[in-house]
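Following: one structure in structure tokens, then a few remarks.
Only this structure's heavy atoms are used, side chains among them; waters, hydrogens and symmetry mates stay out.
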There are 2 protein chains.
Amino acid sequence: MATGRNHRPATRSRGIPEATVARLPLYLRALTALSERSVPTVSSEELASAAGVNSAKLRKDFSYLGSYGTRGVGYDVEYLVYQISRELGLTQDWPVVIVGIGNLGAALANYGGFASRGFRVAALIDADPSMTGRQVAGIAVQHVDDLESIIAANDVSIGVITTPGGAAQQVCDRLVAAGVSSILNFAPTVLSVPEGVDVRKVDLSIELQILAFHEQRKAAEDLSRSVSDGVRVSRARRGDQGPEGEIPAVMPA
Amino acid sequence: MATGRNHRPATRSRGIPEATVARLPLYLRALTALSERSVPTVSSEELASAAGVNSAKLRKDFSYLGSYGTRGVGYDVEYLVYQISRELGLTQDWPVVIVGIGNLGAALANYGGFASRGFRVAALIDADPSMTGRQVAGIAVQHVDDLESIIAANDVSIGVITTPGGAAQQVCDRLVAAGVSSILNFAPTVLSVPEGVDVRKVDLSIELQILAFHEQRKAAEDLSRSVSDGVRVSRARRGDQGPEGEIPAVMPA
DNA sequence: ATGCCTTTGTGAACGCGTGCACAAAGATGG
DNA sequence: CCATCTTTGTGCACGCGTTCACAAAGGCAT
Ligand SMILES: NC(=O)c1ccc[n+]([C@@H]2O[C@H](COP(=O)([O-])OP(=O)(O)OC[C@H]3O[C@@H](n4cnc5c(N)ncnc54)[C@H](O)[C@@H]3O)[C@@H](O)[C@H]2O)c1
Ligand SMILES: NC(=O)c1ccc[n+]([C@@H]2O[C@H](COP(=O)([O-])OP(=O)(O)OC[C@H]3O[C@@H](n4cnc5c(N)ncnc54)[C@H](O)[C@@H]3O)[C@@H](O)[C@H]2O)c1
């Protein structure tokens, strides 16, 4: 690593590609596992395999952070854990609020892995008065009326929205007005936010639909292959009405 | 192109870019909302705005499905809903199993939006004997010992994994062996699956870390700006311990 | 020291996704 | 039937991300 003679800290923050940022947590997880097994160093090949990526990609990703490897040896696990943590901003504490403590919100609040990486559930917020004061995961739920003061008091900059879709934009607006600038949205809603606010969405329904698309395609392939092979496939493709599944594609009047 | 009399429906299934597939559910959601309001047609501009994308991108996306718009008018809402649904494979029923009925698994089972798009929770599976037989969301939890027969009996091809990370690979292997070929994984584990099996992962922890990265970057910017402006920023940046070593992200000379 | 062997770091080529900009299609009104 | 106006569908250029392939770096044994 750090041959010292490494003039510039190399490619600095501003230059890290988004795709790389998205993979850093993956590397970090794999490295943490190695660290717990007291493995001192790891090669790009091994680590890449553990993280489920291509080793060239991993090396390039790391090259954006600096020159932290040793040729012929690999990467120092502890050092890399530290560097990635720092790059991701995990060396500091991030208070998080969850808004909408229903099924999902409660599950998230109870989620242990949450706190493990510097994220701390600072408050739980819900609009239902009967929820107010109730303990969820050892934290008292507070009413949404106090949202602004809760955000301010806890210096929160990351908010998680798990309200129904209809309330999401409104909650989002209040969070942003109160100073939150990063939002993780579980509601099936396209949030609009001012410049400078980051939104990431997690959408179960979309994920399933993407899987369904590929599943359908695989099934269609199996089907056509089985026709020529005379083989029976287990999962019959009903649904696609029409015997040969091709597209009618008839524009309606 | 698309002179109507085009024999083949143009760019067929095989040709739909992955990025487009990932956006189709978004369009579908926006279109469904329009449909419920009985809006007959919609322009690419309006729909794009509702879906939160660029209108050129939307038009290009739709062009992969065929030529379904009318110049000077826009797209027929109902027709497009149907076409996209069919393309995504939502005109058929997709039985889904959830494995690991803890906090998250139970929340998913209770999730209404699940069934709304052709996905049906066919079974809930858990390893804890004390869960077996318990009703969750009106469905009896079954024991993981019976996983194979449950998959077969319900002709399931999509599985959702919400077990702890340690059990995920093992559960995955059994699902795949039993015939599941699409998996939605919520456990913080890199699953390895044979060719032909699709895995999508949802990882809360990764999403938060990505947000933290950008949050940190924004904070650093604010900080350096406030230094020159003499302005105080609300959220103090502690955490980056040590006045020394750190790269101040100010892009040193 | 020297040479060998392993593994990094990166230049270069390529492919995918995005967005611009516009010609053509079609509706609509006269 | 023609002119005008709207909006689609897409050719094109560009930038990002991925992957290959290899020279250089460094450890290690002799
Ligand atoms: N449960 C899931 O597995 C799941 C999966 C994917 C997406 N989602 C989405 O996540 C969201 C929550 O799902 P859920 O199953 O937990 O729903 P839920 O109805 O159980 O919980 C919603 C909670 O939000 C609260 N709420 C409503 N309006 C509010 C407001 N204006 N301010 C603050 N709180 C408010 C309600 O009191 C309720 O406690 C929904 O948008 C749903 O579509 C849920
Ligand atoms: N709860 C969250 O908000 C959340 C968020 C992100 C990720 N996750 C991940 O989702 C997973 C589940 O989280 P959770 O909070 O629901 O955990 P949990 O402990 O509440 O539930 C896990 C369930 O899986 C069952 N299980 C264990 N081994 C099994 C096996 N081999 N086969 C079948 N079932 C088995 C357990 O009996 C338990 O009911 C974890 O991997 C967690 O890291 C959870």
Side-chain angles (χ1 to χ4, degrees), chain A residues 1-12 14-24 26-27 31 39-77 79-80 83 210 249 251-253, chain B residues 1-6 8-11 14-24 26-27 31 39-77 79-80 83 210:
Chain A
M1 67 111 276
T3 32
R5 173 175 118 346
N6 203 348
H7 30 51
R8 246 177 329 133
T11 4
R12 215 56 295 258
R14 104 160 76 287
I16 301 186
E18 192 55 31
T20 295
V21 172
R23 279 187 296 267
L24 290 181
L26 226 48
Y27 302 145
L31 284 165
V39 176
T41 63
V42 64
S43 72
S44 64
E45 203 68 55
E46 293 170 304
L47 185 54
S49 147
V53 304
N54 172 306
S55 72
K57 185 160 21 183
L58 176 142
R59 287 198 298 276
K60 181 144 290 191
D61 283 342
F62 285 174
S63 78
Y64 293 117
L65 307 185
S67 208
Y68 295 153
T70 305
R71 293 167 192 236
V73 175
Y75 298 91
D76 182 282
V77 172
Y79 187 67
L80 208 43
Q83 289 299 339
I210 295 172
M251 260 313 241
Chain B
M1 70 115 300
T3 29
R5 61 167 219 357
N6 71 10
R8 247 176 332 123
T11 5
R14 101 166 80 286
I16 301 185
E18 192 55 32
T20 295
V21 173
R23 280 187 295 268
L24 291 181
L26 226 48
Y27 302 144
L31 285 164
V39 177
T41 62
V42 64
S43 72
S44 64
E45 203 68 54
E46 293 170 304
L47 185 54
S49 147
V53 303
N54 173 305
S55 72
K57 185 161 21 183
L58 177 142
R59 288 197 298 276
K60 182 148 294 188
D61 283 343
F62 286 174
S63 79
Y64 293 117
L65 307 186
S67 206
Y68 295 153
T70 307
R71 294 171 190 229
V73 175
Y75 299 90
D76 182 284
V77 172
Y79 187 66
L80 208 44
Q83 289 298 340
I210 295 172

Exercise. Does B:Arg71 get its side chain close enough to the base of D:dT7, under 3.5 Å, for a donor-acceptor pair?
Worked result: no
Problem set entry | Separation of D:dT8 C1' from B:Leu47 CG (nearest whole Å) | 13 Å
Exercise. Looking at the rings of A:Tyr79 and A:Tyr68, which for Trp means the six-membered one, are their centres under 6.0 Å apart?
Worked result: yes
Exercise. About how many Å separate CG of A:Asp61 and OG of A:Ser63, when rounded to the nearest 0.5 Å?
Worked result: 7.5 Å
Exercise. Looking across every strand, which nucleic acid part, if any, lies under 4.0 Å from A:Tyr75 by heavy atom: base, sugar-phosphate, or nothing?
Worked result: sugar-phosphate
Seminar exercise, completed: Walking DNA chain D from its 5' end, the first of A:Thr20 and A:Val73 to be reached, judged by nearest nucleotide, is A:Thr20
For this session: Record whether the side chain of A:Lys60 comes under 3.5 Å of the base of D:dT19 through a donor-acceptor pair of N or O atoms.
Result: yes
Exercise. To the nearest angstrom, how far is B:Tyr68 atom OH from D:dT8 atom P?
Worked result: 16 Å
Seminar exercise, completed: The nucleotide from D:dG17, D:dT18, D:dT8 with an atom nearest the side chain of B:Ser43 is D:dT8
For this session: Would you indicate, yes or no, if D:dG9 has its OP1 or OP2 atom less than 4.0 angstrom from a side-chain nitrogen or oxygen of B:Ser67?
Result: yes
For this session: Report the nucleotide, chosen from D:dT18, C:dG9, C:dA21, that has the shortest atom-to-atom distance to any side-chain atom of B:Arg59.
Result: C:dA21
Seminar exercise, completed: note: A:Phe62, atom CZ; C:dT8, atom P; distance rounded to Å ~ 10 Å
Exercise. More 5' along DNA chain D: A:Ala19 or B:Gly74, using each one's nearest nucleotide?
Worked result: B:Gly74
Exercise. Could you state the CG-P distance from A:Leu65 to C:dT10, rounded to the nearest angstrom?
Worked result: 12 Å
For this session: Grab the OH-C1' distance between B:Tyr64 and C:dG17 for me, whole Å please.
Result: 8 Å
Exercise. When you check the phosphate oxygens OP1 and OP2 of D:dC20, does a side-chain N or O of A:Asn54 lie under 4.0 Å from one of them?
Worked result: yes
Seminar exercise, completed: Rounded to whole Å, CG of A:Asp61 lies from P of D:dT18 at a distance of 7 Å
Exercise. side-chain contact (heavy atoms from CB on, under 4.5 Å) with B:Tyr64: which of B:Leu24, B:Val21, B:Thr20?
Worked result: B:Thr20
For this session: Rounded off to whole Å, could you give me the OH-to-P distance for the B:Tyr27 and D:dT8 pair?
Result: 13 Å
Exercise. So which nucleotide from C:dT8, D:dG26, C:dG17 ends up closest to the side chain of A:Thr70?
Worked result: D:dG26
Exercise. In Å and rounded to the nearest 0.5 Å, what is the CD to OH distance from A:Glu46 to A:Tyr75?
Worked result: 12.0 Å
For this session: Enter the distance from A:Phe62:CZ to A:Leu80:CG here, rounded to the nearest 0.5 Å.
Result: 4.5 Å
Exercise. How many Å lie between CG on A:Leu58 and P on D:dT19, as a whole number?
Worked result: 12 Å
Exercise. According to a strict under-4.0 Å criterion, is A:Ser44 in side-chain N/O contact with OP1 or OP2 of C:dT8?
Worked result: yes
